[in-house]
Amino acid sequence: MTATASHQNSTTRRAEAHLWPHFSRLSAYQTDSVPVISRGEGAYIYDEAGRRYLDGLSGLFVVQVGHGRQELADAAARQSAELGYFPLWSFVHPKAVELAERIASAAPGDLNRIFFSNSGSEAVETAWKLAKQYFKLTGKPSKYKVISRTIAYHGTTHGALSLNSIPSHRIPFEPLVPGARKAANTNFYRAPEHGDDLVAFGRWAADQIEAAIEAEGAESVAAVFLEPVQNAGGCFPPPPGYFQRVREICDRHDVLLVSDEVICGWGRLGHPFGAERYGYQPDMITCAKGLTSGYAPMGATVISDRLAEPFLNGDTVFAHGYTFGGHPVSCAVALANLDIFEREDLYGRVRDNEGTFRATLERLTDLPIVGDVRGDGYFYGIELVKDRATKESFTAEESERVLRGFLSTALFDAGLYCRADDRGDPVIQLAPPLICGPAEFDEMESILRDVLTKAYALL
C-alpha cells in the first residue's frame, strides 16, 4: 500500500469513527469508499490520492468563482488580524456596513435592508419570522401562514423545513411549524394541466398559489416563498408571465412575496438575483452560498423599506439574531468575492455562455434514458426516464439500484462531481462554477454520455 493510499484509508477510518455526514447514509462510512477531497483549483477538485474531478456542482451550488482563489484567503487573513469577531447585537463593524450597502445596491427596487445570518436556512427562517412580526405590527396578527411549492427545498431549520415539500426530509421531524401550505410547482415536463402550452401552464400554476391562499383564508396567509428556478425535483424554470401573475396575486391578497435565492442568487442565472432575470419585484430575498463563493459561511435576508418601516418606531425590536451573523471575516470574504464578480464580469460570462451550456447538454437527448433537459443560466437538471416515449420514471427499486447504486459512483469515478437525485423524479443536476466555459461543458457531456449509456443498460 502506498503512503497516499494508507493516509486516505486512515482519514476514512477516522471519519467512520467520529464524523457524521450531512444528508448521507451513516452506513456508507463503514467502508473505505467514501471520497476524501483535499484541495481545489479553478473548476476542479482533487482527492487525497491526487485524482482530479470536474466540479460540476460548484461544491453545493456555491463556489461561483472557482476553487483556490488566493485573494479570498488573503481577505480572510487580513480581516482576522484586524477584527476577527464582533457581534451585530447593538453594534456594527465597517465590513458589515460596506457589504450591506453593496447588497442593497444590487437588489431590485426598495430592498435596502440587510439582515445577516450564516446560511440559507437561517435566511429563510429570518424571512418567515419577519413576515409574521410585520403583520402583527401593522394590525393583522392573524397573518402567519406561508405557501411554498411541491417538492421544494427551503432549508433544514424547523421553520424552513416546514416550507419544504419533500416527505423524506419532513417526516422524521414532524410535527413541524404549523401553517405551511403547498401549491403546484412549474415542472412543465410533467404538467398535470396545459401540457401543450407553456404560457397557459404557467398561469395555471400561479393560480394554484391563489387557490391555496384562498383555501387557507387570505386573512391568515403572510407570505409565499418561491425560488426563481426551483432546485429540488431538478431545476424547474418559471414559464413566461408566471412571476408577474404571482406578484398580482400576492398584491391582491396582501401577501408578501419572498424570492428564495439561496441557489439562484449571485450569478447562477447570470444576474445578482434571479428576480431581475425574470422581471419581478419581491418583498424579500433570501440568499447565501454564492455570496462568499463558500470561502466563509454567510447568509442574508434582503428586506424592503416598506417591511422595515414599522420597526423604526419607538421601542420595537425584531427579537431575532445569530452569534455569527455578519461575521467580520465572512463580510470581508464576500466583498472580495464580489470584487472578482465585477472584475471578471462573471454575470456577463454566464449570459454569454448559457446558450452553449444548454446546447451541449441537449446533445444528450439522443440517449433513451434522457427525458428532459431543463434550467437556465448555469443551473440545469437532466431528468432520467425508463421510457422516453411514455415518460415512465424509475421504480423505487430502480432508483436505488441505478441512481444510487451505479450512477452516483460511476460519474465520480469517471471524473465528474455532480448530483444524482430522486427527491422528485430521478435527475442529474449540474451547476458548474461561473468561470467554466465550452471546454468544461464538453467534458461534462462526454462523461455523462458514457455513464448514462451504461446506466440505461441496467434498467
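Excluded from the calculations below are hydrogen atoms, water molecules and symmetry mates; all remaining heavy atoms, backbone and side chain alike, are included. All of these numbers come straight from a predicted model, not from anything done at the bench.
Proximity of a side-chain donor or acceptor of Ser259 to a complementary backbone N or O of Glu261 within less than 3.5 Å is not detected. Listed for the Gln281 side chain is a donor-acceptor partner under 3.5 Å among the backbone atoms of Pro108. Of the possible donor and acceptor atoms, none in the side chain of Ser24 sits under 3.5 Å from a partner among the backbone N and O of Pro21. Between the His271 side chain and the Gly274 main chain, no donor and acceptor come within less than 3.5 Å of each other. Using modelled atom types, no side-chain atom of His253 and backbone atom of Val221 make a donor-acceptor pair closer than 3.5 Å. Not one N or O on the side chain of Ser80 forms a donor-acceptor pair closer than 3.5 Å with the backbone of Gly84. Judged by distance alone, the side chain of Ser148 and the main-chain N or O of Leu163 form a donor-acceptor pair under 3.5 Å. In this structure, the side chain of Arg170 engages the main chain of Asn164 through a donor-acceptor pair within 3.5 Å. The closest donor-acceptor contact from the side chain of Gln64 to the backbone of Leu291 lies at 3.5 Å or more, if one exists at all. Distance alone, capped at 3.5 Å, places no donor-acceptor pair between the Ser408 side chain and the Arg404 backbone.
Checking Asp372, Val373, Asp425 one by one against Tyr189, the side-chain contact (heavy atoms from CB on, under 4.5 Å) holds for a single residue, Asp372.
Side chains of Glu125 and Thr157: a donor on one and an acceptor on the other come within 3.5 Å. For the residue pair Ser58 and Arg268, a side-chain donor N or O sits within less than 3.5 Å of a side-chain acceptor on the partner. For Ser304 and Asp283, the side-chain atoms include no donor-acceptor pair closer than 3.5 Å. One side chain, Asp47 or Tyr53, offers a donor N or O that lies under 3.5 Å from an acceptor on the other. For His154 and Asp260, the side-chain atoms include at least one donor-acceptor pair closer than 3.5 Å. Side chains of Arg203 and Tyr242: no donor on one and acceptor on the other come within 3.5 Å. A side-chain N or O of Asn231 and one of Gln429 form a donor-acceptor pair less than 3.5 Å apart. Counting only N and O atoms by type, the side chains of Arg69 and Tyr295 include no donor and acceptor under 3.5 Å apart.
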Does the side chain to side chain contact (heavy atoms under 4.5 Å, CB included) test come out yes or no for Leu226 and Val258, once each step is laid out? CA-CA 6 Å; Leu226 305 175; Val258 181; over 6 Å; no

Any chance you could lay out the side chain to side chain contact (heavy atoms under 4.5 Å, CB included) test for Leu430 and Met444, step after step, and finish with the verdict? CA-CA 9 Å; Leu430 298 158; Met444 283 184 244; 3.9 Å; yes

With side chain to side chain contact (heavy atoms under 4.5 Å, CB included) as the test, would you mind laying out the steps for Leu54 and Glu440 before giving the verdict? CA-CA 8 Å; Leu54 177 58; Glu440 290 80 15; 4.0 Å; yes

Side chain to side chain contact (heavy atoms under 4.5 Å, CB included) evaluation trace for Val350 with Leu269: CA-CA 7 Å; Val350 171; Leu269 301 176; over 6 Å; no

Can you check salt bridge (Lys or Arg N to Asp or Glu O under 4.0 Å) on Glu219 and Lys143, steps first, answer last? CA-CA 6 Å; Glu219 70 283 354; Lys143 292 178 80 71; over 6 Å; no

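In this structure, Tyr380 and Ile428 have side chains that are not in contact, with every pair of non-hydrogen atoms separated by 4.5 Å or more. Pro272 is listed as a side-chain neighbour of Trp266, based on a closest heavy-atom distance under 4.5 Å. Between Ser330 and Pro297, the closest side-chain pair of non-hydrogen atoms falls below 4.5 Å. Proximity of Ile209 to Arg245: side-chain heavy atoms (C-beta onward) are nowhere separated by under 4.5 Å. Val262 has its side chain out of reach of Cys287: every pair of non-hydrogen atoms, C-beta onward, lies at least 4.5 Å apart. Two residues are said to be in side-chain contact when any heavy atoms from C-beta on lie closer than 4.5 Å; Cys331 and His93 meet this criterion. Counting only heavy atoms from C-beta outward, the side chains of Asn353 and Pro438 approach each other to under 4.5 Å. Proximity of Tyr44 to Asp55: side-chain heavy atoms (C-beta onward) are nowhere separated by under 4.5 Å.
Salt bridge present: Glu342 and Arg102 bring a charged side-chain N and a carboxylate O closer than 4.0 Å. Residues Arg39 and Glu41 are paired through a salt bridge, judged by an N-O separation under 4.0 Å between the basic side chain and the carboxylate. Using a cutoff of 4.0 Å between basic side-chain nitrogens and carboxylate oxygens, Arg351 and Asp376 are not scored as salt-bridged. Between Arg306 and Glu309, no side-chain nitrogen of the basic residue sits less than 4.0 Å from a carboxylate oxygen of the acidic one, so the salt-bridge criterion is not met. A salt bridge does not link Arg78 to Glu71: none of the charged nitrogens lies less than 4.0 Å from a carboxylate oxygen. Salt-bridge annotation for Glu227 and Arg149: absent, with no side-chain N of the basic residue lying under 4.0 Å from a carboxylate O of the acidic one. A salt bridge is defined here as a Lys NZ or Arg NE, NH1 or NH2 lying under 4.0 Å from an Asp or Glu carboxylate O, and Arg349 with Glu344 fails to meet this definition.
Between Pro238 and Val229 the shortest heavy-atom distance is CD-CG2, 4.3 Å. Shortest non-hydrogen contact noted between Thr301 and Ala123 is OG1-O, 2.9 Å. Taking both residues in full, the closest heavy atoms of Ser293 and Asn337 are given as OG-OD1, 2.7 Å, listed atom of the first, atom of the second, then distance. Heavy-atom minimum distance, Asn187 versus Asn185: N-OD1, 3.0 Å. Leu176 approaches Ser162 most closely through the heavy-atom pair CB-OG, 3.2 Å. In terms of heavy atoms, Ala183 sits closest to Gln208 at CB-O, 3.8 Å.
Rounded to the nearest 0.5 angstrom, Phe273 CZ and Tyr280 OH are separated by 10.5 Å. One finds the SG atom of Cys235 at 11.0 Å from the CD atom of Glu383 (value rounded to the nearest 0.5 Å). With values rounded to the nearest 0.5 angstrom, Leu257 atom CG is found 10.5 Å from Ile249 atom CD1. Interatomic distance, CD1 of Ile303 versus CG of Leu111, reported as 8.5 Å (0.5 Å rounding). One distance of note links CZ of Phe318 with CG of Leu137; it measures 10.5 Å at 0.5 Å rounding. With rounding to the nearest 0.5 angstrom, the OG1 atom of Thr292 is 10.0 Å from the CG atom of Leu99.
Other residues, nucleotides and ligands place more than 12 heavy atoms under 6.0 Å from the CZ atom of Arg247.
A centroid separation of less than 6.0 Å is found between the aromatic rings of His320 and Phe115. Annotation: Tyr378 is in aromatic contact with Phe441 [ring centroid separation under 6.0 Å]. Between His327 and Tyr85, the ring centre distance stays below 6.0 Å. Under the 6.0 Å cut-off for aromatic ring centres, His169 and Tyr153 qualify, their centroids lying closer than that. Taking the six-membered ring wherever Trp is involved, the centroid distance between the rings of Tyr144 and Trp128 does not fall below 6.0 Å. Aromatic rings from Phe61 and Phe379 are positioned such that their centres are separated by under 6.0 Å.
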